[in-house]
Participant: 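Structure provided below as structure tokens; questions to follow.
Just so it is clear, the model here is predicted, and its values are computed rather than measured. Order of the sequence lines fixes the chain letters, A, B, ..., with proteins taken first and strands second; residue numbering starts at 1 for each chain.
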Amino acid sequence: MTTVAPARSGTVYFREVCESTAGALAGLSCHRSLEDVAAMYEAPDRKGLGDSAFPCFPLAKELKMAPQEIASQLAGRMERPRSVTDVRAIGGYLNVWYKPEIVAAEVLPIIAAQGQRYGSAEEGRGRTICMDYSHPNIAKPFGVGHLRSTVIGHSLKRILEKLGYSTIGINHLGDWGTQFGKLIVAFREWGDEGKLAAEPIAHLYDLYVRFHADAESDPGLEERARREFKKLEDGDRDNRLLWQRFRDLSLSEFERVYRRLGVTFDSDAGEAFYNERLSPLIDRLVQSGVARSGEDGALIIPIGGEGEAPLLLRKADGATLYATRDLAAAEYRYDTYHFDRCLYIVGSAQALHFQQLFAALKAMGHDWAERMVHVEFGWVKFADTMMSTRRGNIIFLDDVLAEAVERTKRIIADKNPALEDADAVAEAVGVGAVVFWQLSVKRQKDVNFDWDDALAFDGRTGPYLQYTHARLSSLLAKWGKPISMDRVAWGHLNSEEERKLVLRLGDWPRAIQVAGRQYEPQVLAAALLDTAQLYNTFYQKVRILDGEAEAAPARILLSDCVRQVLAEGLCLLGLQAPHQM
RNA sequence: GCCCCCGUAGCUCACUUGGAAGAGCAGCAGCCUUCUAAGCUGCCGGCAGCAGGUUCGAAUCCUGCCGGGGGUACCA
């Protein structure tokens with residue numbers, strides 16, 4: 001178990017320890033600010049080493065003493081604040097154990113009083129962050145690859161809002177570009193109105209796949225596609241109508257997926273939205289000398305030195321590219337939202353594109369270019385064979401969710417057949433498993449798609465968190481009365497798990513801040529798993545309702561706080577928190 | 001060729017930006033007449049790709065090599 005102790009949280013018990021440590025250091029003629037001491041403290045990751053640890057190695061030279069000696073001197077000299085039960089020198093560390101009842105008495109009333117607001121912060125007050133996430137391509141299936149941007153973006157949105165920011169969620173739909181030329185050609189060639197009506201995206205995707213297959217042997221197709229897209233861009237009526245149909249049909253299918261995931265947007269201005277802004281933009285860039293013509297008649301914005309790839313603004317045939325639309329979009333977003341930051345939750349494969357984009361914005365004289373952030377993430381890979389092709393070379397998210405819900409229903413039928421609203425619960429838990437699977441791995445890592453991994457229900461999974469939450473809900477419902485603080489006997493919260501739990505809960509606000517600063521929901525996933533794991537151990541060992549009566553209010557209060565944090569954490573990750581399962 | 005990312009237990013991943021290697025899964029052995037067993041306990045499992053360097057101290061920073069992935073002007 002990775003236990004995260006409050007090495008750097010802004011709690012009273014931690015500050016007391018820092019003050020005592022700084023005091024003891026001063027006794028050795030070593031003067032350190034409170035902040036420095038706090039920054040040096042870390043959390044031991046092994047059992048038996050206490051809750052906070054102060055490494056003495058960096059002081060050895062200055063004090064001309066062995067770290068072990070410094071640690072034991074400090075342990076001897078350090079005043080024991082009331083929040084501490086033990087201070088020990090182990091190796092070159094000063095290890096600190098907190099007194100659970102003090103920590104609990106500080107942390108739990110705050111959580112109980114603040115409820116859902118616990119962990120909220122003000123750092124983002126008055127600041128707006130634009131977030132570009134999901135952005136699926138019209139006429140292409142919503143695959144598990146799109147899941148990553150969607151759930152990371154959605155979770156970050158909630159996290160940043162929790163930290164006080166205003167957010168603008170933007171679904172920058174891939175509703176423009178040369179693929180529409182291909183689609184138009186393919187639809188006129190092989191399209192079927194019946195299939196389009198019945199399963200629009202599947203049909204359009206088939207056409208798209210067929211186009212590429214046929215283009216291998218018939219190079220003329222590509223040329224026709226380019227022409228059709230150019231016509232579309234020039235406002236050709238028939239192409240425009242076809243495009244509109246493809247877009248409407250696709251969007252309504254996407255909406256269904258977003259509803260299941262609980263994902264929302266504040267804007268779905270996609271690439272097409274910026275069409276009329278492109279030629280003024282290009283004119284401006286040419287006139288100001290930022291853009292110039294490149295090889296073979298294309299228009300470019302040079303980036304960096306010789307040999308570095310420029311940003312391609314317009315192709316030789318006059319058609320624009322997605323970089324052009326991204327430039328226009330960035331300006332539009334700044335003018336419209338006056339963002340403090342603009343995040344692009346987009347895969348690492350496009351890292352160079354965003355470097356170019358940000359550099360181009362800078363070259364255009366926008367000082368806000370440095371507020372643009374590419375929040376990148378690794379691939380969802382389909383390494384091996386069998387699982388790959390259900391309907392082409394992509395795995396439909398619909399299929400994954402359907403399978404997840406199906407498996408969940410079987411588990412419910414087996415474990416809790418009397419469950420009310422079993423279908424709703426299966427939906428929440430099945431979808432939760434899939435969403436959490438994406439968020440439990442750090443962004444930059446590639447994830448291999450594997451049915452059993454994506455649909456896991458045991459161990460460090462979304463359902464594990466939901467299960468713990470449901471168990472707590474049921475427990476608290478059985479208790480069935482409000483907890484009066486003055487009846488809480490803090491001294492009963494004295495086991496290892498209870499101590500670690502209250503420390504973990506006290507550190508929760510910091511986890512949210514770290515997650516927001518690093519744009520990394522995984523930080524929350526890990527914190528919640530630790531919380532749930534500690535609670536389940538506690539739950540297994542101790543009888544809460546029918547144990548010692550004097551201990552019950554304290555244990556119930558602890559349980560209520562854990563439930564509160566789990567519920568809020570699940571929400572920040574974009575999962576539901578059912579009360580039964 | 002050049003640039004970027006990754007390499008930690010059999011598998012999937014953490015380690016709070018330099019401090020004491022840690023989970024889950026799988027395997028083995030246990031725990032349901034008691035608050036939800038989607039749970040809990042224990043065991044097994046490591047030369048952190050390899051080789052150097054910086055440092056009191058490196059999985060973490062630097063260099064080289066090996067292996068995997070991505071990018072590299074008219075796709076997005």
Side-chain angles (χ1 to χ4, degrees), chain A residues 1-5 7-8 40 42-46 49 53 55-58 60-61 66-67 90-93 95 135 137 174 176-179 271 294-300 307-317 319 321-323 325-326 346-353 355 376 378-379 381 408 411-412 414-416 419 429 433 440-442 444-448 450 452-453 456-461 463-464 466-468 470-476 478-479 507 510-511 514 518 522-523 526-527 529-530 532-533 536-537 539-547 559 580-581:
Chain A
M1 181 176 312
T2 56
T3 302
V4 182
R8 285 167 204 173
M40 282 176 72
E42 37 191 87
D45 55 358
R46 223 175 47 196
L49 295 178
C56 299
F57 310 96
K61 199 172 278 181
I90 303 176
Y93 290 88
N95 292 54
H135 37 62
N137 292 316
W176 206 248
T178 46
Q179 78 269 20
E271 298 191 60
E295 297 165 14
D296 304 325
L299 192 66
I300 64 167
E308 294 206 32
L311 179 141
L312 205 53
L313 206 55
R314 197 177 59 196
K315 301 200 286 186
D317 67 4
L321 291 116
Y322 78 129
R325 295 184 283 277
D326 271 356
V346 180
S348 303
Q350 295 195 42
L352 178 60
H353 165 68
Q355 280 171 29
E376 58 184 284
W379 291 89
K381 293 192 295 190
T408 309
I411 294 172
I412 291 173
D414 179 41
K415 311 228 179 211
N416 194 357
L419 181 63
V429 174
S440 61
V441 176
K442 288 184 92 85
Q444 280 89 347
K445 288 246 182 190
D446 291 349
V447 293
N448 291 300
D450 179 281
D452 290 329
D453 286 348
F457 300 94
D458 302 321
R460 296 174 71 87
T461 64
Y464 176 82
Q466 291 170 317
Y467 177 76
T468 307
R471 197 186 225 184
L472 276 159
S473 296
S474 154
L475 180 81
L476 292 162
K478 284 206 168 102
W479 170 260
D507 201 43
R510 199 181 63 89
V514 171
Q518 301 180 347
Q522 185 272 344
V523 170
L529 288 167
D530 285 347
Q533 224 165 344
N536 282 324
T537 300
Y539 178 89
Q540 202 76 24
K541 278 191 187 172
V542 173
R543 303 299 303 174
I544 296 167
L545 295 178
D546 49 20
S559 300
Q580 295 174 31
M581 64 185 270

Participant: When rounded to the nearest Å, what value does the distance between C1' atoms of B/rG22 and B/rU60 take?
Facilitator: 15 Å
Participant: Classify A/A470 by what it touches in the nucleic acid, base, sugar-phosphate, or nothing, heavy-atom distance under 4.0 Å.
Facilitator: base
Participant: Side chains of A/L49 and A/I90: does their closest heavy-atom pair fall under 4.5 Å?
Facilitator: yes
Participant: Of the options B/rU34, B/rA20, B/rA23, whose atoms approach the side-chain atoms of A/Q533 most closely?
Facilitator: B/rA23
Participant: Between A/M581 and A/A470, what is the shortest heavy-atom contact and its length?
Facilitator: CG-CB, 3.6 Å
Participant: Phosphate oxygens OP1/OP2 of B/rU41: is one of them under 4.0 Å from a side-chain N or O of A/T537?
Facilitator: yes
Participant: Please classify the nucleic acid contact of A/Q466 as base, sugar-phosphate, or nothing, using heavy-atom distances under 4.0 Å.
Facilitator: nothing
Participant: Categorize A/V429 for me: base, sugar-phosphate, or nothing, with a 4.0 angstrom heavy-atom threshold over every strand shown.
Facilitator: base
Participant: What's A/W479 touching, base or sugar-phosphate or nothing? Going by heavy atoms closer than 4.0 Å.
Facilitator: nothing
Participant: Could you measure between the two C1' atoms, the one in B/rU8 and the one in B/rC3, and give it in whole Å?
Facilitator: 26 Å
Participant: Once you apply a heavy-atom cut-off of 4.0 Å, does A/S474 come out as touching a base, just sugar-phosphate, or nothing?
Facilitator: base
Participant: What nucleic acid atoms does A/A53 come within less than 4.0 Å of, heavy atoms only: base, sugar-phosphate, or nothing?
Facilitator: base
Participant: Using 0.5 Å steps for rounding, measure from the CD1 atom of A/I300 to the CG atom of A/L321.
Facilitator: 12.5 Å
Participant: Should B/rU33 be called syn or anti, with syn set as within 90° of 0?
Facilitator: anti
Participant: Can you tell me which nucleotide in B/rU72, B/rU12, B/rA76 comes closest to the side chain of A/N448?
Facilitator: B/rU12
Participant: Closest-nucleotide mapping onto RNA chain B: is A/P58 or A/K442 further toward the 5' terminus? I mean the 5' end.
Facilitator: A/K442
Participant: Taking only the side-chain heavy atoms of A/W379 (C-beta and beyond), determine which of B/rU16, B/rG69, B/rA76 contains the nearest atom.
Facilitator: B/rG69
Participant: For B/rU55 and B/rG27, measure between their P atoms and round to the nearest Å.
Facilitator: 48 Å
Participant: Looking at the side chain of A/Q540, which of B/rC13, B/rC56, B/rG39 is the nearest nucleotide?
Facilitator: B/rG39
Participant: For B/rG45 versus B/rA29, give the span between their C1' atoms, rounded off to a whole number of Å.
Facilitator: 16 Å
Participant: Determine the interatomic distance between P on B/rU16 and the same-named atom on B/rA23; round to the nearest Å.
Facilitator: 16 Å
Participant: Checking A/A456 now: which residues fulfil side-chain contact (heavy atoms from CB on, under 4.5 Å) with it, not counting sequence neighbours?
Facilitator: A/T461
Participant: Between A/P55 and A/E42, is there a side-chain heavy-atom distance shorter than 4.5 Å?
Facilitator: yes
Participant: How close do A/D446 and A/G378 get, counting heavy atoms only, and between which atoms?
Facilitator: OD1-CA, 3.3 Å
Participant: Students often get this wrong, so: under 4.0 angstrom with heavy atoms, is A/L321 touching a base, only sugar-phosphate, or nothing?
Facilitator: sugar-phosphate
Participant: With syn defined as a glycosidic angle within 90° of 0 and anti as everything else, classify B/rC66.
Facilitator: anti
Participant: Any base atoms under 4.0 Å from A/I412, or only sugar-phosphate, or nothing? Heavy atoms, all strands.
Facilitator: base
Participant: When the C1' atoms of B/rC47 and B/rA58 are considered, how many whole Å apart are they?
Facilitator: 14 Å
Participant: Please give, in whole Å, the distance from B/rG24 P to A/D450 CG?
Facilitator: 20 Å
Participant: Looking at every heavy atom in both A/P463 and A/F457, which two are closest together, and how far apart are they?
Facilitator: CG-CD2, 3.4 Å
Participant: Under 4.0 Å, heavy atoms only, any strand: does A/A316 hit a base, just the sugar-phosphate, or nothing?
Facilitator: base
Participant: Which residue lies toward the 5' end of RNA chain B, A/Y464 or A/Q179, if each is placed at its nearest nucleotide?
Facilitator: A/Y464
Participant: Determine the interatomic distance between C1' on B/rC65 and the same-named atom on B/rG7; round to the nearest Å.
Facilitator: 14 Å
Participant: When the P atoms of B/rG68 and B/rA76 are considered, how many whole Å apart are they?
Facilitator: 31 Å
Participant: Can you run through RNA chain B from 5' to 3' and write each base as (, ), [, ], | or . depending on how it pairs? Watson-Crick or G-U wobble, both distances under 3.5 Å.
Facilitator: (((((((..((((.....[..)))).(((((.......))))).....(((((..]....))))))))))))....
Participant: Quick check for you: among B/rG39, B/rA73, B/rA76, whose closest atom lies nearest to any side-chain atom of A/N137?
Facilitator: B/rA76
Participant: Which whole-number value in Å describes the distance from A/D414 CG to B/rU36 C1'?
Facilitator: 13 Å
Participant: Using OP1 and OP2 only, check whether a side-chain N or O of A/K445 sits under 4.0 Å from B/rC6.
Facilitator: no
Participant: So A/V346, base contact, sugar-phosphate only, or nothing? Heavy-atom distance under 4.0 Å.
Facilitator: nothing
Participant: Figure out the CG/C1' separation between A/D530 and B/rG24, and round it to whole Å.
Facilitator: 12 Å
Participant: Between B/rA76, B/rA21, B/rC13, which one does the side chain of A/R325 approach most closely?
Facilitator: B/rA76
Participant: The side chain of A/I544 lies closest to which of these nucleotides: B/rC35, B/rA76, B/rA14?
Facilitator: B/rC35
Participant: OP1, OP2 of B/rA37 versus side-chain N and O of A/R471: anything below 4.0 Å?
Facilitator: yes
Participant: Counting the atoms with a prime plus P, OP1 and OP2 as sugar-phosphate, which does A/D317 contact under 4.0 Å by heavy atoms, base, sugar-phosphate, or nothing?
Facilitator: nothing
Participant: A/K541 NZ to B/rG42 C1': how many Å, rounded?
Facilitator: 13 Å
Participant: Counting any heavy atom closer than 4.0 Å, what does A/L311 reach on the DNA or RNA strands: base, sugar-phosphate only, or nothing?
Facilitator: nothing
Participant: Is there a donor and acceptor pair closer than 3.5 Å between the side chain of A/R460 and the base of B/rU12?
Facilitator: no
Participant: Donor-acceptor pair, distance only, cut-off 3.5 Å: does the side chain of A/N416 make one with the backbone of A/I412?
Facilitator: no
Participant: How many Å lie between CD on A/Q355 and P on B/rU72, as a whole number?
Facilitator: 12 Å
Participant: Please confirm whether any donor atom in the side chain of A/N95 sits under 3.5 Å from an acceptor in the base of B/rA20, or the reverse.
Facilitator: yes
Participant: Please name the pair of heavy atoms, one in A/G92 and one in A/F57, separated by the smallest distance, quoted to 0.1 Å.
Facilitator: CA-CZ, 3.8 Å
Participant: A/L352 side chain: which of B/rU16, B/rA73, B/rG71 is closest?
Facilitator: B/rG71
Participant: Just to verify, what does A/K445 make a side-chain hydrogen bond (donor to acceptor under 3.5 Å, both in side chains) with, not counting sequence neighbours?
Facilitator: none
Participant: Using whole Å, what does the distance between atom P of nucleotide B/rC75 and atom CD of A/Q350 come to?
Facilitator: 15 Å
Participant: A/N536 CG to B/rC40 C1': how many Å, rounded?
Facilitator: 8 Å
Participant: What are the two closest heavy atoms between A/N137 and A/G174, and how far apart are they?
Facilitator: OD1-CA, 3.5 Å
Participant: Rounded off to whole Å, could you give me the OH-to-C1' distance for the A/Y467 and B/rG39 pair?
Facilitator: 5 Å
Participant: From the options B/rU34, B/rU36, B/rA21, select the nucleotide whose nearest atom is closest to the side chain of A/K478.
Facilitator: B/rU36
Participant: With a 4.0 Å cut-off on heavy atoms, is A/R46 in touch with a base, just the backbone sugar-phosphate, or nothing at all?
Facilitator: sugar-phosphate
Participant: What is the minimum heavy-atom distance between A/A323 and A/L312, and which atoms define it?
Facilitator: CB-O, 3.9 Å
Participant: Out of B/rU36, B/rA73, B/rG71, which has the shortest distance to the side chain of A/A349?
Facilitator: B/rG71
